[in-house]
Amino acid sequence: MADSTSLIYNTTIVTPKGKTSEQERVAMETPYLIMLNEVEIGASMVLPAGLEEFGVGFLFGQGYIERPEEVKEVLVCPEGRISVYADVENTEPKDVIITSGCGGTGKIPREMLEGVIAEPLAYELPFNELKPFITQVYQFSPLGPLTHCVHGCGFWSDGELKLFYEDVGRHNAVDKVMGALLLGKADPGGAIYTTGRLTSDMVLKCARMRIPVVLSRTAPSSLGVAIAARAGLTLGGYGRQDRLNVFTHPERILLN
């Protein structure tokens, strides 16, 4: 074992010149149950890091938790269970829509998709901060260049990278950021950048958190754009250090 989030395997490299041996680092993928007040809500395959944040963010994404003050305690069991204790009454299964996402986080409760979304918080992103933002997201990724098997997600405000998480699933990485915000590790008035595509459930989580600027290395889906427009948030795709394709509300990106 290399560390708590990766393993080392002996592999055989095959080329026209023959076969050679090489060691490869592989990201760990581990099943975890997510419990809310001792009730099993769901399960997901997750990189075993940032698990407290993931548990809270998962429950937020599924519509069981809405506000930071609801979260009372989070316990991670090494046997594969994340127990969240929160001041909420409803732990009943929800009527969900299966999205284009992967695993348990690829679901949207119908009530959230069709409900009213609060306005984003006040925030503007200077364009000259895009380069350090994206650069630091990749610099903070310990597993990305080693395994080529993880997605990263960073949160930026006040001119610095406040949060960074990575996971084998793009939804999980975003859920970890959502959980960190709910746990008070940063204020949601800022910008989020994910290396994964922005489908409806990804954008909806950010909109419900009232994050005003949502960016991706890749593309949004049509429903992701529609949710961003309805919620009034700035949605940008194809984010690079010197370029951004803004689909909705470009006024929050300030030219210098």
Side-chain angles (χ1 to χ4, degrees), residues 50 53-54 56-57 60-61 68 105 117-141 144 150-167 169-221 223-256:
E53 293 90 336
F54 172 70
V56 174
F60 172 79
T105 49
I117 303 174
E119 292 185 2
L121 297 171
Y123 175 76
E124 294 173 323
L125 177 68
F127 185 75
N128 64 3
E129 292 185 9
L130 186 65
K131 181 176 181 178
F133 182 12
I134 294 176
T135 298
Q136 289 180 41
V137 165
Y138 286 99
Q139 287 177 341
F140 271 67
S141 174
V150 295
H151 278 291
C153 185
F155 185 81
W156 179 273
S157 65
D158 300 324
E160 63 178 323
L161 188 67
K162 300 286 189 178
L163 302 167
F164 174 80
Y165 293 92
E166 57 188 352
D167 202 278
R170 60 191 174 92
H171 292 81
N172 294 348
V174 171
D175 280 349
K176 289 176 179 180
V177 171
M178 298 295 115
L181 293 172
L182 285 167
L183 291 171
K185 297 188 176 184
D187 184 278
I192 195 169
Y193 178 88
T194 172
T195 59
R197 63 192 185 278
L198 291 169
T199 48
S200 54
D201 47 343
M202 299 272 278
V203 178
L204 184 58
K205 292 172 186 178
C206 297
R208 290 177 54 232
M209 191 61 73
R210 302 182 66 196
I211 297 172
V213 178
V214 179
L215 310 176
S216 171
R217 180 181 64 86
T218 59
S221 69
L223 187 52
V225 175
I227 291 172
R230 178 161 66 94
L233 60 81
T234 299
L235 188 74
Y238 311 109
R240 300 296 186 270
Q241 295 175 340
D242 58 356
R243 183 183 185 276
L244 186 65
N245 190 343
V246 185
F247 289 80
T248 59
H249 295 280
E251 65 274 8
R252 288 196 186 90
I253 309 299
L254 303 181
L255 291 178
N256 308 102

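We use all heavy atoms of the structure for the numbers below, so side chains are in, but hydrogens, waters and symmetry mates are not.
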If you round to the nearest 0.5 Å, how far is [atom2] of [Y] from [atom1] of [X]?
X: Phe54; Y: Asp175; atom1: CZ; atom2: CG; result: 5.5 Å
X: Lys162; Y: Ile192; atom1: NZ; atom2: CD1; result: 15.0 Å
X: Ile253; Y: Glu124; atom1: CD1; atom2: CD; result: 9.0 Å
X: His171; Y: Thr199; atom1: NE2; atom2: OG1; result: 4.0 Å
X: Tyr165; Y: Glu53; atom1: OH; atom2: CD; result: 3.5 Å
X: Tyr238; Y: Arg243; atom1: OH; atom2: CZ; result: 8.5 Å

When you measure from the side chain of [X] to the backbone of [Y], do you find a donor-acceptor pair of N or O atoms at a distance under 3.5 Å?
X: Thr194; Y: Ser216; result: no
X: Thr234; Y: His249; result: yes
X: Thr218; Y: Arg197; result: yes
X: Lys176; Y: Gly57; result: no

Worksheet item: Just wondering, more than 12 heavy atoms not from Glu119 lying within 6.0 Å of its CD?
Response: no
Item to complete: Mind running side chain to side chain contact (heavy atoms under 4.5 Å, CB included) on Leu235 and Ile227 for me, showing each step along the way?
Response: CA-CA 10 Å; Leu235 188 74; Ile227 291 172; over 6 Å; no
Closest heavy-atom pair and its distance - [X], [Y]:
X: Ser157; Y: Gly189; value: CB-O, 3.7 Å
X: Ser141; Y: Gly144; value: OG-N, 3.0 Å
X: Pro212; Y: Tyr123; value: CG-CB, 3.4 Å
X: Leu198; Y: Gly236; value: CD1-O, 4.0 Å
X: Val174; Y: Cys153; value: CG2-SG, 3.9 Å
X: Gly154; Y: Phe133; value: O-CZ, 3.8 Å

Do [X] and [Y] have side chains that approach each other closer than 4.5 Å (heavy atoms only, starting at C-beta)?
X: Leu181; Y: Phe60; value: no
X: Leu233; Y: Ile117; value: no
X: Ile134; Y: Leu215; value: no
X: Ile211; Y: Met178; value: yes

Worksheet entry | Check against side chain to side chain contact (heavy atoms under 4.5 Å, CB included), Glu160 and Gln136 | CA-CA 9 Å; Glu160 63 178 323; Gln136 289 180 41; 5.7 Å; no
Discussion item. In terms of relative ring orientation, are Tyr193 and Tyr138 parallel, tilted or perpendicular, with 30° and 60° separating the classes?
Written reply: perpendicular
Worksheet entry | Residue from His151, Arg170, Arg217 passing side chain to side chain donor-acceptor pair (under 3.5 Å) with Thr195 | His151
Item to complete: Test Asp158 against Asp187 for side chain to side chain contact (heavy atoms under 4.5 Å, CB included), laying out the working first.
Response: CA-CA 10 Å; Asp158 300 324; Asp187 184 278; over 6 Å; no
Worksheet item: Hey, mind stepping through Met202 and Val214 against side chain to side chain contact (heavy atoms under 4.5 Å, CB included) and telling me if it holds?
Response: CA-CA 10 Å; Met202 299 272 278; Val214 179; over 6 Å; no
